[in-house]
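Single-structure report; data block below.
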Number of protein chains: 2
Amino acid sequence: MKHPDLSETNLLEPRLLRLFDALFATGSVTKAAEKLGQSQPTISIWLARLRKELDDPLFIRSAEGMLPTPRAEALIGTVRQALEMLRRLAELRSEFDPATAKRRFVICMTDASHITLLPAILAHVRRVAPGIRIEAARIGGDTPRMLQAGEADLALGYITDLDAGHFQQALFPQDWVCLANPKHARIRDRITAKDFKREAHVLIRSGTGHQLLADALREQQIVLDVALELPGFLGLPAIVGTTDLIATLPRHIGETLAHYYGLRVLDCPLAIAGFTVKQYWHARFHHDPANQWLRDVCGELFQQQEVRGLHRSGRPKKRRPRDLTS
Amino acid sequence: MKHPDLSETNLLEPRLLRLFDALFATGSVTKAAEKLGQSQPTISIWLARLRKELDDPLFIRSAEGMLPTPRAEALIGTVRQALEMLRRLAELRSEFDPATAKRRFVICMTDASHITLLPAILAHVRRVAPGIRIEAARIGGDTPRMLQAGEADLALGYITDLDAGHFQQALFPQDWVCLANPKHARIRDRITAKDFKREAHVLIRSGTGHQLLADALREQQIVLDVALELPGFLGLPAIVGTTDLIATLPRHIGETLAHYYGLRVLDCPLAIAGFTVKQYWHARFHHDPANQWLRDVCGELFQQQEVRGLHRSGRPKKRRPRDLTS
DNA sequence: GGTGCTTCATTGCGATTCGCAATAATGGTT
DNA sequence: AACCATTATTGCGAATCGCAATGAAGCACC
């Protein structure tokens, strides 16, 4: 055995602290043994060890039993405090009660999620956790670092190159739809591939899915007539509702916008890779009750049945660990 | 291994607390191993044990090193407090500084010692330990119980049936002398056995030595002419100084009284068993610095050269343990 | 003083745990 | 994919453990 750091004194082990306490209370090695669930010879050996480490006989045999020395009397208070502190360490478990907790959660998400996910999160949280505040932050190259640093608690969306140390949980799949003006002169109830190539388009140059769309166009060697590119979704409903431009979006945001703004939703004729929207968090917070509550909330709100059956993974796996359980 | 008391949780051992602290400080298993003087695999195993006992990963591997979980961050303060408390336990040693200490010592002694020993003790203590108070108590059947209970710190004298658990240290031997009126009509410079039997005597019916005198008289079948019996030494000098009565006393008190009151000291013609005046204390206080100081003081004041050479005994022996060392 | 009882201290030994060299696995960089 | 640094795991000889058996100590009783 390597000797421990010579600058460190030997510290008493919990069993010796327990012995000290029990012997002080009972005045008997035999009774202390019973109390500690050990045999009498074992406890006698432990006492010898205590005596050596504290350099004092500590308890002297007499007709009245084992009587403490002044040194033992001086130490018993600190021994009991040390035991109490060690018990606190073992029992200390932070809990999270949404009804009473007061804290802020930072959730990274795309702009689209402000419309598709955030309202439902906010409504739920305001109902069951009035002291909780939600802050939305953008998903970007900094997101993994923010999750690890605890500057963000969760990320919702589709993140492709998250490094190790993060968990993920699938929420719902996404395929693609086209939005059109309900009064569109040429596009009624469906849009064909031919229509798609002929018509003018408006593209959103943000969000995690736009790269998939670009990939699909390149792979199928299709060049769209892109009449307009927007940096975000803000003006999109107005543009699609007053022109004949076609917008191609992930289904969730597409249907949401169509619903609110009375736009026409059409199955997309282009074969674009679907993707799964997930929630991501750092392994440091995997067992944190607060973080766990938040992702349970998101899971309940957004997880669709068909992804619930995916088998669990209890720990992060190479590249992108995911967690399917509370 | 018998299982410990089921009502007790497993408490963290000091080495695991040290590991927690070192890992929190360094963020590296390898560096923590160096700091703790163990190998890296050993520390990795200890970390696994910590994780299991606290039911939390505690530190998560990342590019920046091992990062603490919220649980680890919540625990580190208590871990460090527990370590500090355990260090205090190891280092706590009561000291006794006579120059500054304030306490009371209770010393059991015979009445004779009030005259022979107490003045010297008091003078010394008042000079080097101004905050110390001395209380003299009588030696009696209760003395052993008082020593064990801490109600008395020391006993000075000749105690014959002290039970186990007590230490003793020889101070000085005692033989016997006779006191006479310097103007005695018949007793001049010496007293013969014939004189001894013929003369009238005054006896002191107290002190530990009077039983030895009675034994000697009985064994030698001598019947003294006891004209007076006193319960103590108070009136003795006046009686001897104004009558022709002979007093037989242990040498120390005899010479002391003769010195103060101008009495004649004569070698006792009767063969009476000598004895050794000792100091006694209970084993519970053997290592107590205060008790040790007090008996060192008495040793220095009263221990004669011829008893200093007696070999030491480091622990109490059957029936009457004695200690010859500081 | 001898005997007997209870309790604490010591011994010898089989069982368990320990620390670590060697190596596998992991995370990150090139 | 290869390489490097670090953490996790395995197998094994060494060290420590708990305890049955027993010796020693303290005390009551005869």
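First the proteins, then the strands, lettered A, B, ... as listed; each starts at 1. In this text the structure is predicted, and so the values were computed from the model without any measurement.
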Inset, instruction - Please report, rounded to the nearest Å, how far the C1' atom of D/dG18 is from the CZ atom of A/Arg49. - result: 10 Å

Legend entry - Protein-nucleotide distance (A/Leu67, atom CG; D/dC27, atom P), rounded to Å: 11 Å

Inset, instruction - Select base, sugar-phosphate, or nothing to describe what A/Thr30 touches, counting heavy atoms under 4.0 Å on all strands. - result: sugar-phosphate

Inset, instruction - Please state whether the rings of A/His286 and A/Trp281 are parallel, tilted or perpendicular, taking 30° and 60° as the class boundaries. - result: parallel

Inset, instruction - Could you check how far CE of B/Met66 sits from P of D/dA5, rounded to whole Å? - result: 18 Å

Legend entry - Nearest-nucleotide 5' precedence on DNA chain D, A/Ser62 against A/Pro41: A/Pro41

Inset, instruction - Rounded off to whole Å, could you give me the CD-to-P distance for the B/Gln40 and C/dC20 pair? - result: 11 Å

Legend entry - A/Arg145 atom CZ, neighbour heavy-atom count above 12 within 6.0 Å: yes

Inset, instruction - Assign B/Ile43 to base, sugar-phosphate, or nothing according to its heavy-atom contacts below 4.0 angstrom with the strands shown. - result: nothing

Inset, instruction - May I ask you to check whether B/Gln292 and B/Asp288 show a side-chain donor-acceptor distance below 3.5 Å? - result: no

Inset, instruction - Check whether any side-chain N or O of B/Thr42 sits under 4.0 Å from OP1 or OP2 of C/dG19, and answer yes or no. - result: no

Inset, instruction - Ignoring backbone atoms, test whether B/Arg15 places a side-chain nitrogen or oxygen under 4.0 Å from the OP1 or OP2 oxygen of C/dG19. - result: yes

Legend entry - Whole angstrom value for the distance that separates P of C/dT7 from CZ of A/Phe59: 18 Å

Legend entry - Phosphate OP1/OP2 of C/dC20: any B/Gln38 side-chain N/O under 4.0 Å: yes

Inset, instruction - Measure the distance from CG on B/Leu36 to C1' on C/dC18 and round it to the nearest whole Å. - result: 16 Å

Inset, instruction - Report yes if some heavy atom in the side chain of B/Lys278 is under 4.5 Å from a heavy atom in the side chain of B/Tyr280; otherwise report no. - result: yes

Inset, instruction - Examine the base of D/dT7 for any acceptor or donor lying under 3.5 Å from a partner atom in the side chain of B/Arg61, and report the outcome as yes or no. - result: no

Legend entry - Distance, rounded to the nearest Å, where B/Leu58 contributes CG and D/dT7 contributes C1': 15 Å

Legend entry - B/His287 side, atom NE2; A/Asp55 side, atom CG - distance, nearest 0.5 Å: 6.5 Å

Inset, instruction - Round to a whole Å and report the spacing from CG of A/Leu50 to P of C/dC8. - result: 15 Å

Inset, instruction - Mind telling me whether B/Phe20 and B/Phe59 have parallel, tilted or perpendicular rings, with 30° and 60° as the class edges? - result: perpendicular

Inset, instruction - May I ask you to verify if any side-chain N or O of A/Trp46 is less than 4.0 angstrom from the OP1 or OP2 atom of D/dG18? - result: yes

Legend entry - Short side-chain N/O contact from A/Ser28 to OP1 or OP2 of C/dC8, under 4.0 Å: yes

Inset, instruction - Give, for atom OG1 of A/Thr276 and atom CD of A/Gln174, the distance between the pair rounded to the nearest 0.5 Å. - result: 9.0 Å

Inset, instruction - Report the nucleotide, chosen from D/dG26, D/dG18, C/dT10, that has the shortest atom-to-atom distance to any side-chain atom of A/Ser44. - result: C/dT10

At a cut-off of 3.5 Å, list every protein nitrogen or oxygen paired with a nitrogen or oxygen from nucleotides 28-30 of chain D, distance to 0.1 Å.
none

Inset, instruction - Ignoring the backbone of B/Leu47, work out which of C/dC8, D/dA8, C/dC20 is nearest its side chain. - result: D/dA8

Legend entry - Residue pair B/Ile107, B/Leu294: steps toward the side chain to side chain contact (heavy atoms under 4.5 Å, CB included) verdict: CA-CA 10 Å; B/Ile107 306 178; B/Leu294 182 63; 4.3 Å; yes

Inset, instruction - Identify which nucleotide among C/dA9, D/dG26, C/dC20 has an atom closest to any side-chain atom of B/Ala164, counting heavy atoms from C-beta outward. - result: D/dG26

